[in-house]
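Single-structure report; data block below.
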Number of protein chains: 2
Amino acid sequence: MQANIQLDDTDARILTALSADSRRSYADVAAEVGLSTAAVHERVKKMLERGVIERFSLRVDPERVGLHFTAFVAIRNDGGAHCRDIAPRLRELPEVLELHSVAGEYDFLAKVRTTHARGLEDVLYQIKAIPGVARTTSTVVLNTEFEERPLRWPGSAPAA
Amino acid sequence: MQANIQLDDTDARILTALSADSRRSYADVAAEVGLSTAAVHERVKKMLERGVIERFSLRVDPERVGLHFTAFVAIRNDGGAHCRDIAPRLRELPEVLELHSVAGEYDFLAKVRTTHARGLEDVLYQIKAIPGVARTTSTVVLNTEFEERPLRWPGSAPAA
DNA sequence: TGTGAAAACCTACTACA
DNA sequence: TGTAGTAGGTTTTCACA
């Protein structure tokens with residue numbers, strides 16, 4: 001809930017550089033942003049402490065590990081006492097990669113990935129078995145055009 | 001379109017380790033998976049070559065950089081000649097973080113992030129100005145429960 | 001916040017099973 | 001694919017501006 005109060009242009013450039021390749025050496029990044037290695041190190045450390053950088057990660061191609069099927073599942077709850085418990089239960093399902101509570105006709109929107117269409121059926125059975133889940137509607141993804149883009153925010157530089 | 005034919009359990013454990021912290025040293029990962037540093041290096045190199053690992057990246061907390069508003073925008077095209085050109089145009093908008101072509105009532109589903117609700121209005125104007133876009137429906141995210149989980153696939157180990 | 005310098009550590013390669 | 005060895009690069013921590 002904190003804004004980018006203490007993120008200057010240099011921080012933004014470091015984030016841009018490391019978003020594209022987080023294993024780049026700080027020496028290399030330092031040369032690009034015009035700072036010493038130690039200074040880049042210090043800034044990264046502070047961004048980790050402040051939670052701006054959540055973690056260093058890597059992007060795996062879902063197709064190459066056999067996850068050929070993607071769907072968005074909208075979930076409606078029944079308005080009963082179990083509503084608060086639905087999200088934790090959905091977190092237990094590894095196929096649910098992403099979960100948002102949303103406004104509108106449905107209460108949650110989940111991104112689900114499985115090896116094939118048949119796998120979604122299994123996941124839907126599990127979701128429907130969660131107490132408080134009233135109904136679901138699935139939207140099948142035909143093709144993912146792009147995903148997990150490096151973030152851009154007011155004040156951040158476009159990726160080179 | 002290639003499956004996980006050549007991904008064994010050791011590869012999976014290396015991916016799990018580096019998903020949680022991609023700047024961990026290969027020496028450290030090697031100790032964890034019970035291999036030499038050089039062997040881990042070789043395996044990572046091959047996974048990069050095969051495209052299993054797309055890139056080393058980092059996860060920035062959207063809230064901490066001022067992106068307080070998220071919505072999913074469903075987009076319908078008009079069935080005309082411009083339909084093929086819509087995705088590239090959407091890619092030009094930095095607020096569109098993710099784009100999927102989908103089956104059903106709408107043709108695309110986009111994840112959009114802006115600093116505040118007002119920002120979505122601007123993005124919607126830009127989307128509606130794209131030739132071939134017939135209409136949009138937005139679903140406002142109230143809270144992101146979780147996102148960008150490390151992938152799990154049949155044969156991969158659960159994160160420790 | 002920044003810098004340069006230095007010790008500890010890691011990477012990335014080669015030779016070889 | 002794997003291991004060990006190693007030269008050269010990188011990280012991380014200083015004292016200090």
Side-chain angles (χ1 to χ4, degrees), chain A residues 2-61 64-66 150 153-157 160, chain B residues 2-61 64-66 150 153-157 160:
Chain A
Q2 214 169 301
N4 49 341
I5 295 162
Q6 294 160 32
L7 266 195
D8 64 10
D9 184 59
T10 305
D11 285 327
R13 291 173 68 197
I14 292 170
L15 287 181
T16 301
L18 292 176
S19 293
D21 178 6
S22 63
R23 276 192 85 93
R24 266 182 84 178
S25 75
Y26 291 161
D28 198 5
V29 175
E32 188 176 303
V33 304
L35 230 56
S36 68
T37 306
V40 169
H41 187 262
E42 186 62 22
R43 278 171 175 264
V44 169
K45 197 175 136 199
K46 281 184 183 152
M47 287 193 279
L48 280 164
E49 280 163 7
R50 279 189 271 151
V52 172
I53 297 174
E54 262 174 40
R55 63 191 167 98
F56 292 104
S57 170
L58 57 77
R59 160 106 183 132
V60 171
D61 183 339
R64 304 285 167 122
V65 295
W153 62 94
S156 73
Chain B
Q2 214 169 299
N4 50 341
I5 296 162
Q6 296 162 31
L7 266 196
D8 64 13
D9 183 59
T10 304
D11 285 327
R13 290 175 66 197
I14 292 170
L15 287 181
T16 301
L18 292 176
S19 292
D21 179 5
S22 63
R23 277 193 84 93
R24 267 181 83 176
S25 74
Y26 292 162
D28 200 6
V29 174
E32 187 178 304
V33 304
L35 230 58
S36 68
T37 306
V40 170
H41 188 265
E42 185 64 22
R43 278 169 177 265
V44 169
K45 196 174 137 198
K46 281 184 182 152
M47 287 193 278
L48 280 165
E49 280 163 5
R50 279 187 270 151
V52 172
I53 298 174
E54 261 175 39
R55 64 192 167 96
F56 294 104
S57 71
L58 57 78
R59 161 106 180 130
V60 171
D61 183 338
R64 305 284 168 122
V65 295
W153 62 94
S156 75

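Letters A, B, ... are given to chains in the order of the sequence lines, protein chains preceding strands, and every chain is numbered from 1. Side-chain atoms are counted along with the backbone in the values below, which use heavy atoms only and exclude waters and symmetry mates.
- In DNA chain C, stems built from 3 or more consecutive Watson-Crick or G-U wobble pairs, each with both distances under 3.5 Å, span C:1-17 with D:1-17.
- What separates CZ of A/Phe56 from C1' of D/dT10 is a distance of 14 Å, to the nearest Å.
- Separating the CZ atom of B/Arg24 from the P atom of D/dT11 is a distance of 17 Å, rounded to the nearest angstrom.
- Note: CG (B/Asp28) to C1' (D/dT12) measures 16 Å, nearest angstrom.
- Each of D/dT3, D/dT11, C/dT11 was ranked by its minimum atom distance to the side chain of B/Leu35; first place goes to D/dT3.
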>> Please determine whether salt bridge (Lys or Arg N to Asp or Glu O under 4.0 Å) holds for the pair A/Asp8 and A/Arg43, giving the CA-CA distance in whole Å, both sets of side-chain angles, and the decisive distance to 0.1 Å.
In response: CA-CA 11 Å; A/Asp8 64 10; A/Arg43 278 171 175 264; 2.9 Å; yes

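- The ring-ring contact (aromatic ring centres under 6.0 Å, His included) analysis of residues 12-51 of chain B, with sequence neighbours excluded, yields the pairs B/Tyr26-B/His41.
- B/Arg64 places a side-chain N or O within 3.5 Å of a backbone atom of A/Arg50 that can act as its donor or acceptor partner.
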Could you run down the sub-3.5 Å N/O contacts of the protein with nucleotides 12-17 of chain C?
{"unit_1": "C/dA12", "atom_1": "OP2", "unit_2": "B/His41", "atom_2": "NE2", "d": "2.9"}

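- Per the geometry, CG belonging to A/Asp21 stands 13 Å off P belonging to D/dT10, to the nearest Å.
- Taking the side-chain hydrogen bond (donor to acceptor under 3.5 Å, both in side chains) definition, one finds that B/Arg24 meets it with B/Asp28, B/Glu32, sequence neighbours left out.
- For A/Ser22, the side-chain hydrogen bond (donor to acceptor under 3.5 Å, both in side chains) criterion is met by B/Ser22, not counting sequence neighbours.
- Side chain of B/Arg13 to backbone of B/Val29: no donor-acceptor contact under 3.5 angstrom is found.
- Rounded to whole angstrom, the span from the CE atom of A/Met47 across to the C1' atom of C/dT1 amounts to 14 Å.
- Where A/Arg23 and A/Arg43 meet DNA chain C, the nucleotide closest to each residue was compared, and A/Arg43 sits on the side nearer the 5' end.
- With rounding to whole Å, A/Glu32 atom CD is found 15 Å from D/dT10 atom P.
- A/Val44 places a side-chain heavy atom less than 4.5 Å from the side chain of A/Leu48.
- Looking only at side-chain heavy atoms (C-beta outward), A/Arg23 and B/Leu18 come within less than 4.5 Å of each other.
- For A/Ala38, the side-chain contact (heavy atoms from CB on, under 4.5 Å) partners at least two apart in sequence or on another chain are A/Ser36.
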